[in-house]
There are 2 protein chains.
Amino acid sequence: MTEGVLPEAGGSDAESAAGVHRPRRSDVTRAAILRAARERFAADGYDRATIRAIAADARIDPSMVIRYYGSKEELFATAAEFDLRLPDLSDVPPDRLGAALVSYFFTRWEEDSTLPALLRTASTNPSAAERVREIFATQLSAAVARMVADPAEAPRRAALVASQLLGVALTRYVLRLPPMVDISPADLITWLSPTIQRYLRAAPGPDRR
Amino acid sequence: MTEGVLPEAGGSDAESAAGVHRPRRSDVTRAAILRAARERFAADGYDRATIRAIAADARIDPSMVIRYYGSKEELFATAAEFDLRLPDLSDVPPDRLGAALVSYFFTRWEEDSTLPALLRTASTNPSAAERVREIFATQLSAAVARMVADPAEAPRRAALVASQLLGVALTRYVLRLPPMVDISPADLITWLSPTIQRYLRAAPGPDRR
DNA sequence: AGCAGAAGTCAACAAGCGTTGGCATATCGT
DNA sequence: ACGATATGCCAACGCTTGTTGACTTCTGCT
């Protein structure tokens, strides 16, 4: 790589770094690039989000992007770092897990559009899709494993949960289907919670009532 | 546009045309282009699917693609034409609508990958997203309106149905989350049917059992 | 047979892309 | 104050893209 040119290319997190090392003067630029990159990748996807456009948003030269992040692919990898930050739900009574999970995801999405962005990009970019699979496997699947009765069922139940939650993210934030956009978060939570609850806890098969 | 160059640019459907006009000698080529385009758009999305690659698949010159379809955008518009072909479900008893709809969608997806393709592309291409919204509004929403009790609730219920069904298509065919890929269609139908059934018919709010 | 037009090939274009290296400027330790 | 080095801009590269126009080959009609 071109690692040798950079003073410390493998450096840690940039934004508001609690300085393990002394903060560099260029940190604000790095952060500006990353912020612009996140926005562009979110709005346009990997291919249409050009380095030149990202640089223009950050008001610096395109070459700086490469110098600080090595390549477009590496920039994307950094921009697409994403932690679901799933809270500890071990105190939640089992019959409220669905509602807790759904409402958590909503508050998360409304404040941080990285996941919809990742979703948008993952549809066409293989490494972004791989990233989503990673997040699913290491974060969601692990959390779900702590919620279900039979651990062997965890991956399948996690996948079902993901299908509904990502489906909402897709139709609401990416495709923007009008009725899905218009529905209030509260109503949506009311509708979705029983679904997630069933995927997490119910015995397989159609539920009778 | 360049319409004047073409003998009959605004022509009708190409593949196995039940000749309203006399079939042209080039119809097989047109069909080959369209088939290759569908595959490429499906596999790579709009941006990465290049005209050159499509032409190579169809074993013709890239310029032919333009001559027959005008531009990449128009080619995509033609390739992304998609009819859900929702069957008449008026004979299905109301408490089986969910199961009927879910299993229909599965058989549809397994035989024709156009919808996952459209989904992949819609994430980054605005006109593809618009196409999905159209399909939703004119086809799914209309069908759902015939299934629900209160017509005023139809768009909202249709959106919920779409969120779950498209979520499955996304996780299974586009993102390819391993547990979602591995699950058998029969099991998946068993899990999803109650969800769709509830979105179609149930009173809002958490279901008690 | 000869011709009109359709079908297809070829080479090139302008534009945009990611990326690179060279050069100017600013900052900081000494 | 000075040199080292980090930071930034500029111009250019090699490449790929969609698209175009001129040219050749094939086909079917009279």
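Dashed line: the shortest gap from a side-chain N or O of B/Thr29 to OP1 or OP2 of C/dA7 is not under 4.0 Å.
Between A/Thr50 and A/Ser63, the residue whose closest nucleotide on DNA chain C is further toward the 5' end is A/Thr50.
Look at CE on B/Met64: it is 13 Å from C1' on D/dT24, rounded to the nearest Å. What separates CZ of A/Arg30 from P of D/dT7 is a distance of 7 Å, to the nearest Å. If you measure from atom CZ of B/Phe76 to atom P of D/dG18, you get 14 Å, rounded to the nearest angstrom. Atom CZ of A/Arg52 and atom C1' of C/dT20 are 12 Å apart (whole Å). Note: CD1 (B/Ile54) to P (D/dG18) measures 8 Å, nearest angstrom. Separating the CD1 atom of B/Ile51 from the C1' atom of C/dG16 is a distance of 16 Å, rounded to the nearest angstrom. Nucleotide D/dT5 holds its C1' atom 12 Å from the CZ atom of A/Arg67, rounded to whole Å. For B/Ile66 and C/dA12, the CD1 to P distance is 19 Å, given to the nearest whole Å.
Side-chain contact between B/Leu118 and B/Ile135 is present, with heavy atoms from C-beta onward closer than 4.5 Å. Taking the side chain as every heavy atom from C-beta outward, B/Leu188 and B/Arg172 approach each other to under 4.5 Å.
Under 3.5 Å, the side chains of A/Tyr68 and A/Glu74 contain no donor-acceptor pair of N or O atoms. Neither side chain, A/Ser127 nor A/Tyr46, offers a donor N or O lying under 3.5 Å from an acceptor on the other.
When distances run from any side-chain atom of B/Asp61 to the nucleotides C/dC10, C/dA7, D/dC10, the shortest one goes to C/dC10.
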